Each structure stands twice: as structure tokens, then as C-alpha cells.
Amino acid sequence: MAAPVSLQVEFGGGAELLFDGVKKHQVTLPCQPEPWDIRSLLKWIKQNLLKERPELFIQGESVRPGILVLINEADWELMGELDYKLQDQDNVLFISTLHGG
Amino acid sequence: CPCVRVPVAAAVPVSPRSRPCPCVRVPAAPAEGALGFPAELPPLPARSALSAAEILRYSRQLVLPELGVRGQLRLARSSVLVVGCGGLGCPLAQYLAAAGVGRLGLVDHDVVETSNLQRQVLHGEARRGRPKARSAAAALRRLNSAVQYVPYRAALRPRSALRLVRQYDIVADCSDNVPTRYLVSDACVLAGKPLVSGSALRLEGQLVVYNYRGGPCYRCLFPEPPPPDTVTNCADGGVLGVVTGIIGCMQALEVLKIASGMGSSFNRHMLMFDALEGRFRNIKLRPRKADCAVCGDRPSITCLQDYEAFCGSSATDKCRSLRLLPGGDRISVQQYKELLDARAPHVLLDVRPQVEVDICRLQHALHIPLRKLEDKDEESLQRLQKRIGEEKRRTDDQTSVPVYVVCKLGNDSQKAVKILQELPAEEFGSVLAKDIKGGLMAWATKIDPTFPQY
Ligand SMILES: [Zn+2]
């Protein structure tokens, strides 16, 4: 049984608009048999934080193209992407890329 | 005249109004298919010393040991292609010109509009309606006449982009749309040029240096384009001029560091700026991806493509016109004006966000933001029903009361009509909803010229 995990989940670049405009969320993930990873965090976000239009944030089991995931201020690609095992007090930032100028 | 004369690809009739020192004049792309770009630019001459006038002019930066005479001479021999002369391109070009870069290529197909002036600080009121590339060149020439300016009054196109990018040392992406960002990045990979990319929206900005010293390209980070309906432009989302200014200046700084030999700090790093929190964050990015389609070990993209098709959107930041409803569910602003003049019973429903209603509104409209309709907000739906009921009573239940839905441009209003049409009839009765094509901006241009445009 994995212990509960406390995270700071942040949204930026406009992704926060899918979450009532709130950029910072203090999140406690409950105990579950498997350790929490980004894949299961995305499912949790879809069920608990994201109420409307999930297709603007999630595609399949990952984030939609154009959203960059940063774990403790580093590109998730360096950390194992969906398989990264979340640690207590991690910071996970979902940033929508901007195109305006 | 310190400017170079460049042979122009097509014969250009010289306008009698053009001044004697026009630098490199580039004709506007006359028609689809013609390349509005000059033939090869001559290389900037290598120089071994600064003149006394240059020493005086650049003295405050020459005494910086990180730059020095060596850096300044490198700067003077560097050419920079600025893609987009808008909110990012204006401050970028301004600081690079002031610092004494050798040559600035200025690409923009657009003309200066009133709503640009809040952030595109090289263009003045008197320049409205003029091509941005030339307006920028004129303003920069007043600032530093020793720099060569090459305005290109055309959009960067897959056909011509590579030839253009090859003629410059560094590229700055100051564009405003997704297809252009992929085009610029691919062209930089194929031409082997570093790309200093900036973007801004609302109160946030981002900066990355791509394709530099073995680092990633744009496609390494974003192999797939975002779905078109998740992309917001500056007209819809808004942007603060200071934010584009800060990111444009940061881009200028990185260009200057690369050109002068200091090297960039944002290779494999993204700078994220949140103006509301006053926070800069420096994010460590992935290295170049071995399986990247363009910069990878076995690239599948070896020439430039159709980026509008790839992204499913057009290479401008102009607002799109959606067509979600059949013609019978829509009326024109002229038809609505006739209904209004005939005092036909109806409810006008404005579905814009509150912040836009505060800018301007039609006084008789009921206001429920689209977001509330999407959430099926009970209080909002009750207000709508109450208003329909009042209107019915006013006409002694003689007629049905249609709901005409309006927004800024006629996109959100169609979404709202769909929602209203799908409300359960047993609960809400049947709501006859239609949308007003072109929205309040069509109202302003076709019916009431005193109505504000934004
Ligand atoms: Zn790449």
C-alpha cells in the first residue's frame, strides 16, 4: 500500500482556464495499492479537478499535444514521462505553450 | 548612404515618391506565386577595427569585458532575420538596431492597425494602414542609420523560407501563429541556424533557444501540433504590451549574446514569465531527440512542407470563423436590425465574458456568459426563462419568442445556440434560438458605426 502523496499541481499558459482559472492546487492523493505515477495522476485530475471538456487537456492516457509537463521544474521527458513515480512534495506543472506575439 | 544596394529578383518600378536613400527596397509579393524576396544579399564585410564614431556610440557596452571591441565587431558582422514585426519583433529589432547589429531582415505581411499600437511600439499613429515591415524599418533607421534593414512585406512561406533563412546568421521567431512556428523551426534546422523563439499571451511569456549547440528543435519539444481549437490568439485572449516587450527584449538579449560570442543561456532551457506573479522560471528541457522528424538521426522531413495543412490552421493570428450551425439557424445583423425596428418580440442573449461586456454592449441584451451555459448553470437558465416569459406576456402570448444569441464575432454564439437547442424540452420548453452572424463586430461595421470595435 502506497502512502498518500501531497503534491503541488500547477497549470499555466492558459491551461488554468480549464480549472476555473486557478493556477496552483495543493493536492493530496489517497492511499492506493500501486505507487502514484504521472499516468495515474492524470486520471485523478480528470476525475477530480477537470470538470468540463477533458479533451482540451487529455488525449488518450497522456496530455494533449501542446501541453508541456514539468516535474520539479524539469521537462518530464527527462524523468520518465508517464511512468515517473511521484514523490511526496513534488511539484508538477502543466504548461500550455503560447503562440502569440 | 551606408546601405547596400541589392539586386532585386524581379524588376521593380521605382516609385517617384521613394526617397533617395531607400536601403534595400523589397517589393511586396505582387501575387501568389511570385517571390517577394530579393536575390542573395552580399555578406557583411569582416572588419578589424571600429571607427571613432562607433566607439563613441557604443562606448557604454564596449567597456563591458564580456562584450568589448571583439564582441562589437562580431555584432557588426551579424545578420538577424526577424520573423514578425509585432509585439515581440518591435522591441527585439529596436534593441538590436541600437546595439549595432550588422543587418536586420524584417518579415511581416501585415499592415499596422490601431489595435497594434498598444504593444507594437515601433509603429506610430501615422503609420496605420502601412506595411509593418516598412514601418519598422523606417523607425529603426531613425534610431541607427548604420544598420542595414531589409524589409520583406510578405508572409514567410515554405517555398521561400529556406532561401531567406540561409542568408542570415540568427533567426528570431516573433510570429503569432502555430504553422509559422513549425515553418521557422524546420527552416532553421535545414539551414543550420540558431532560433531564438519568443511568445506571449495574456500575462505570460515564454522563450526558448532552439537548434543551438546540439540542443533540441521546436519539433523535439512539440512533435505534434496542438488541436486548432485549443490555440488562443492575442485578439481573443488579450495580451499586455509590457509582457511582449519583456519577452522581445529577452529575445534581443539572447540574439546579442549568440552574435557577440557570449553564448545563450537558454539552450535546452525554457524561460517562463508570469507577469501577475512577477515570476521568472527557468525550466530544464530535454536534449535533441534522436527520433525527431527533422533534426533527428534519420529525419523524415528533408524539405519544407505545407504547415497550414499539418497544423489544421492558417498562418495568421486572425480570428477564425466557425460554421457550426445550418444557415436557417442564423440571421444577419441587417435582419436583426429589421426585427428590432419592427419591435418584433424576442430576447437578445449576449454570451461574451463579463470583461468584454464591460467594454461595450447593446443595452437591451440579457447577459449570460457562454461558460455558464456550458456548465448548465441553473441560476442563469432561470434568468433566461424569466426573460422569455416576460417577453411572452408583453405580447399577450400571441407569438413564440425567439432567442437571438450574439457574441463578439459569431463563433461563441453558435456554440451557445447549440447548447440552447439541446436543453431538455420537458424542463425548459422549446427554445427557438438563432445566432447573429458576425456578432457585435459585424453590428459595428454594418449597422452602427459608433459602436466600439475591439
Ligand atoms: Zn528536433
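Source: prediction; values computed, not measured.
A:P65 and B:P225 get closest at one heavy-atom pair: CB-O, 3.4 Å.
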Acceptor/donor pairs from residues 86-93 of chain B side chains to any protein atom, 3.5 angstrom cut, sequence neighbours excluded:
none

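Heavy atoms of A:L17 lying under 4.5 Å from chain B belong to its backbone as well as its side chain. Residue B:V239 does not touch chain A at all, counting heavy-atom pairs closer than 4.5 Å.
Under the side chain to side chain donor-acceptor pair (under 3.5 Å) criterion, A:D88 pairs with no residue at all, not counting sequence neighbours.
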Just by distance, which donor-acceptor pairs between chain A and chain B come in under 3.5 Å?
from: A:E10; atom 1: OE1; to: B:R281; atom 2: NH2; distance (Å): 3.1
from: A:E10; atom 1: OE2; to: B:R281; atom 2: NH1; distance (Å): 3.3
from: A:G13; atom 1: N; to: B:E204; atom 2: OE1; distance (Å): 3.0
from: A:G13; atom 1: N; to: B:E204; atom 2: OE2; distance (Å): 3.0
from: A:L17; atom 1: O; to: B:R371; atom 2: NH1; distance (Å): 3.3
from: A:K23; atom 1: NZ; to: B:D274; atom 2: OD2; distance (Å): 2.8
from: A:E73; atom 1: O; to: B:K284; atom 2: N; distance (Å): 3.3
from: A:E73; atom 1: OE2; to: B:R281; atom 2: NH1; distance (Å): 3.1
from: A:D75; atom 1: N; to: B:K284; atom 2: O; distance (Å): 2.8
from: A:D75; atom 1: OD1; to: B:R286; atom 2: NH2; distance (Å): 2.9
from: A:D75; atom 1: OD2; to: B:R286; atom 2: N; distance (Å): 2.9
from: A:D75; atom 1: OD2; to: B:R286; atom 2: NE; distance (Å): 2.6
from: A:D75; atom 1: OD2; to: B:R286; atom 2: NH2; distance (Å): 3.4
from: A:E77; atom 1: OE2; to: B:K289; atom 2: NZ; distance (Å): 2.8
from: A:S96; atom 1: O; to: B:Q206; atom 2: NE2; distance (Å): 3.2
from: A:L98; atom 1: N; to: B:Q206; atom 2: OE1; distance (Å): 3.1
from: A:L98; atom 1: O; to: B:S199; atom 2: OG; distance (Å): 3.1
from: A:H99; atom 1: O; to: B:R181; atom 2: NE; distance (Å): 3.3
from: A:H99; atom 1: O; to: B:R181; atom 2: NH2; distance (Å): 3.3
from: A:G100; atom 1: O; to: B:A200; atom 2: N; distance (Å): 2.9

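The list of ring-ring contact (aromatic ring centres under 6.0 Å, His included) pairs with a residue in residues 270-289 of chain B, not counting sequence neighbours, reads B:F273-B:F280.
We find the CD1-CG distance between B:I283 and A:L78 to be 11.0 Å, quoted to the nearest 0.5 Å.
Residues B:P226 and A:I67 form no side-chain contact, since every pair of their non-hydrogen atoms from C-beta on lies 4.5 Å or further apart.
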